[in-house]
> 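Below you'll find the structure I mean.
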Amino acid sequence: MQPPQNVRAAFAIVAAVLGLISLVASVSLIATSAVNKNLNNNNPVTSATWDTNDGDRIIVHSRAIGVDVASQSVKCQFSVFPSASVYANNSRQSGFYESNVPINLTFGSSTFSFSKGSPLLIQTTSLPMLGDSFFYPFDGWECLMPVFATYVPLKATTAVPLNLPVVLAIVGNPNGFDINNDFSHINDDNTLLATDAYVTLQILRSKTTKGFAIFISTAMWCLVLSAVAENSKIHGRCTA
């Protein structure tokens with residue numbers, strides 16, 4: 001014996017409300033998990049040790065602030081901090097570090113020039129990434145981040161640029177993604193500190209994003225199967 005029509009309608013309404021609550025809770029979980037992970041991910045991964053009194057060098061502090069799958073790019077923001085020997089007194093009190101030598105910095109496919117005595121402002125750039133979103137939510141992406149710098153030493157007799165040792169520090173996981181960093185380098189100086197940093201970013205969907213995508217896919221399949229089953233019942237009644 002089937003339950004009355006109004007009882008079945010009540011069950012359907014309750015199921016719809018519970019489904020909506022589950023959807024909202026899942027979205028909230030994604031946002032909360034991503035924010036908490038970013039807040040706890042403030043310890044940078046560095047390509048080498050950093051000492052401000054250890055000769056001419058700079059540290060590039062980078063943060064991945066966004067991943068755009070549509071344009072296949074990673075948006076990064078970075079700051080440059082000089083060591084004591086290339087640091088200039090900030091006479092303008094601009095609130096930014098200054099260098100006492102001209103510095104040319106290559107970050108990914110972009111080049112930035114800092115003249116002598118100019119503030120080392122925060123910079124933003126985008127890097128291309130390779131991958132295929134066809135496998136969503138299990139897709140993986142790879143981004144290459146080469147960082148290289150040259151400068152003219154303070155006591156140089158000729159204006160010939162030399163390689164400036166670079167320490168690269170990376171933090172941050174954009175919402176919905178996990179990023180793993182694999183450091184390598186091409187050039188070494190005499191102090192065993194690389195004069196460049198070559199980083200491969202392995203970009204994957206976060207566990208929460210994967211779980212939410214699987215939940216939505218499962219819910220959609222359940223709706224489709226329910227609609228097919230209900231349509232079969234109606235068709236059977238019409239032909240009976």
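What's counted below: heavy atoms across the whole structure, side chains too, no hydrogens, waters or symmetry copies.
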> Spell out, yes or no, whether L121 and I65 are grouped together once hydrophobic residues are joined by side-chain heavy atoms under 4.5 Å, including indirect joins.
no
> Mind listing the closest non-hydrogen atom pair of N181 and I179 along with its distance?
OD1-CG2, 3.7 Å
> Would you check, one step at a time, whether the test side chain to side chain donor-acceptor pair (under 3.5 Å) holds for S206 with D178?
CA-CA 5 Å; S206 65; D178 288 333; 5.4 Å; no
> Can you tell me how far the CZ atom of F78 sits from the CD1 atom of I122, to the nearest 0.5 Å?
10.5 Å
> Taking only residues two or more places apart in sequence or in another chain, which ones pass salt bridge (charged side-chain N to carboxylate O under 4.0 Å, His left out) with D139?
R205
> Please indicate whether K75 has more than 12 foreign heavy atoms, meaning atoms of other residues, nucleotides or ligands, lying under 6.0 Å from its NZ.
no
> Between Q77 and Q123, do the side chains contain an N or O donor and an N or O acceptor separated by less than 3.5 Å?
no
> Go through the structure and list residues passing side chain to side chain contact (heavy atoms under 4.5 Å, CB included) with L130, not counting sequence neighbours.
none
> Would V199 and V147 count as a side chain to side chain contact (heavy atoms under 4.5 Å, CB included) here? Give the steps.
CA-CA 8 Å; V199 186; V147 180; 5.9 Å; no
> Taking it one step at a time, do L201 and I170 satisfy side chain to side chain contact (heavy atoms under 4.5 Å, CB included)?
CA-CA 10 Å; L201 306 181; I170 301 179; 4.2 Å; yes
> Check the angle between the aromatic planes of Y87 and Y97 and answer parallel, tilted or perpendicular using the 30° and 60° thresholds.
perpendicular
> Say whether F112 and V74 are linked into one hydrophobic cluster, either directly or through other cluster members, by side-chain heavy-atom distances under 4.5 angstrom.
yes
> In the single-linkage hydrophobic clustering (I, L, V, M, F, W, Y; side-chain heavy atoms under 4.5 Å), do I214 and F177 co-cluster?
no
> Report the distance from atom CE of M145 to atom OG of S62, rounding to the nearest 0.5 Å.
4.0 Å
> Go through F107 and L127 one step at a time and tell me if the side chain to side chain contact (heavy atoms under 4.5 Å, CB included) criterion holds.
CA-CA 9 Å; F107 190 100; L127 304 175; 4.2 Å; yes
> When hydrophobic residues are tied together by side-chain contacts of less than 4.5 Å, even through go-betweens, does F81 share a cluster with V166?
yes
> Determine whether the side chains of S73 and D68 contain a donor N or O and an acceptor N or O closer than 3.5 Å.
no
